[in-house]
J.: 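After the structure tokens below, expect a handful of questions from me.
In this chain, numbering begins with 1 at the start of the sequence shown.
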Amino acid sequence: MTTAKLFLHGVPDSPAIWRPLLGRLDLGETPVAVPALPGFTGPLPAGFAATKEAYADWAVGEAEALCAQHGPIDIVGHDWGALIAQRVAMLRPDLIRSWAVSNAVIDPDYRGHRIARIWNTPVLGEIFMALSAPAKLAQGLAAQGMPADIAAEEAGQWENKDKRRAILKLYRSAKGLSFEHDWARDIGKLPATGALIWGEGDPYVDLSVAERFAANTGVPLMVVEGAGHWAIAERPAEVAAALRAFWSGL
């Protein structure tokens, strides 16, 4: 497992969400990068558009830097990080040894969950953000299976106004979460060395979305029974075992 690894988190998360899984993977001397999406743990960089294309371009840069030092990488993404990871693999398969995504996938028929639709709506999204108290967010994340300490840490990041602004820009650039007319048209460009790892009870992206993608593409799907959207942190031992098995078979 000496191939360099790039882990991309999602929304409303930060790199903290990967801690339980990284602890279980025990990657040792393997080069690992766990960057924060721009604007998510600090100010938005000057001139950064915070669109899905901007985040994909940024992630390509992260992959290029790792690949330049260590050769083709294994990219792993969760939630929006999964969508961005797949986009990187589509755009620059030369950088990628493998890709693995959890609880989000580029799908032409998916139309987004309720909160995504709210964030996509001007004014309504801003009101929702203004009324989203960090303490309530922490409680909600923990109730959905995220470890309580990480939920509290992620909720603390919610105080960052740039993060909330970046999330609105990101979702609006994707029309909520609709990829039918752009990224989904490039699914055929994905390298064959991919894997899906899914929390069975995800309330945001139903398991049927993963099952449809797997059936249409032949990409293997591993289901984490009894887990939800944050299976990577809720059941890290099972996810780590799935990733190790995947990587060892390459």
Side-chain angles (χ1 to χ4, degrees), residues 6-23 32-59 61-62 76-85 102-104 112-177 199 202-205 228-234 236:
L6 173 60
F7 292 84
L8 300 177
H9 69 83
V11 176
D13 307 331
S14 76
I17 197 65
W18 293 113
R19 273 206 308 267
L21 178 61
L22 291 172
V32 175
V34 194
L37 300 184
F40 276 59
T41 60
L44 271 170
F48 188 77
T51 62
K52 70 183 197 300
E53 307 300 345
Y55 281 107
D57 289 344
W58 162 82
E62 296 289 314
V76 184
H78 171 258
D79 187 84
W80 256 105
L83 304 174
I84 294 167
S102 178
N103 288 86
H113 49 80
R114 183 181 67 88
I115 295 175
R117 293 192 292 272
I118 291 172
W119 284 339
N120 186 48
T121 306
V123 181
L124 182 60
E126 279 76 5
I127 292 172
F128 183 95
M129 287 292 189
L131 296 176
S132 298
K136 188 174 182 181
L137 177 62
Q139 185 179 18
L141 293 174
Q144 291 184 21
M146 188 182 291
D149 60 329
I150 295 178
E153 189 172 339
E154 301 292 23
Q157 298 284 355
W158 204 246
E159 299 282 7
N160 176 8
K161 291 182 180 179
D162 272 7
K163 179 169 187 169
R164 284 177 274 160
R165 191 161 75 243
I167 289 170
L168 292 180
K169 289 182 176 182
L170 176 59
Y171 275 82
R172 289 170 187 177
S173 74
K175 300 178 178 62
L177 279 171
D202 191 335
Y204 302 107
V205 193
H229 185 69
W230 286 278
I232 57 168
E234 186 180 1

J.: Do the side chains of Leu8 and Tyr55 get nearer than 4.5 Å, heavy atoms only?
T.: no
J.: With a 4.5 Å heavy-atom cut-off, do Ile17 and Ile150 have their side chains touching?
T.: yes
J.: Quick one: pull up CH2 in Trp158 and CG in Leu141 and give me the separation to the nearest 0.5 Å.
T.: 9.0 Å
J.: For residues 116-128, pull every pair meeting side-chain hydrogen bond (donor to acceptor under 3.5 Å, both in side chains), keeping only residues two or more places apart or in separate chains.
T.: Glu126-Arg172
J.: When rounded to the nearest 0.5 angstrom, what distance separates CD1 in Ile118 from CG in Leu168?
T.: 11.5 Å
J.: Taking side-chain contact (heavy atoms from CB on, under 4.5 Å) as the test, write out the residues that go with Ala148, two or more places apart.
T.: none
J.: When you look at Ile167 and Phe40, which way does the side-chain contact (heavy atoms from CB on, under 4.5 Å) test go after all the steps?
T.: CA-CA 9 Å; Ile167 289 170; Phe40 276 59; 3.8 Å; yes
J.: Going by salt bridge (charged side-chain N to carboxylate O under 4.0 Å, His left out), name the pairs with one or both residues in residues 40-56, residues two or more places apart or in two chains.
T.: Lys52-Asp182
J.: Which pairs of donor and acceptor atoms, one on a side chain in residues 129-140, lie under 3.5 Å apart (sequence neighbours left out)?
T.:
unit_1: Ser132; atom_1: OG; unit_2: Phe128; atom_2: O; d: 2.6

J.: So do the side chains of Glu234 and Gln144 get within less than 4.5 Å of each other, counting heavy atoms only?
T.: no
J.: Is a donor on one side and an acceptor on the other found under 3.5 Å between the side chain of His229 and the backbone of Gly145?
T.: no
J.: Any chance you could measure His78, atom NE2, to Leu83, atom CG, to the nearest 0.5 Å?
T.: 10.5 Å
J.: Just jot down the side chain to side chain donor-acceptor pair (under 3.5 Å) partners of Gln157, sequence neighbours excluded, or say none.
T.: none
J.: Applying side-chain hydrogen bond (donor to acceptor under 3.5 Å, both in side chains) as the test, list every pair that has at least one member in residues 7-19; sequence neighbours left out.
T.: Asp13-Trp230, Ser14-Glu154, Arg19-Glu153
J.: Would you mind reporting whether Val76 and Ile232 have side-chain heavy atoms less than 4.5 Å apart?
T.: no
J.: Between atom CZ of Phe7 and atom CG of Leu21, what is the distance when rounded to the nearest 0.5 Å?
T.: 6.0 Å
J.: Tell me if a side-chain donor or acceptor on Asp79 pairs with a main-chain N or O of Gly81 at a distance below 3.5 Å.
T.: no
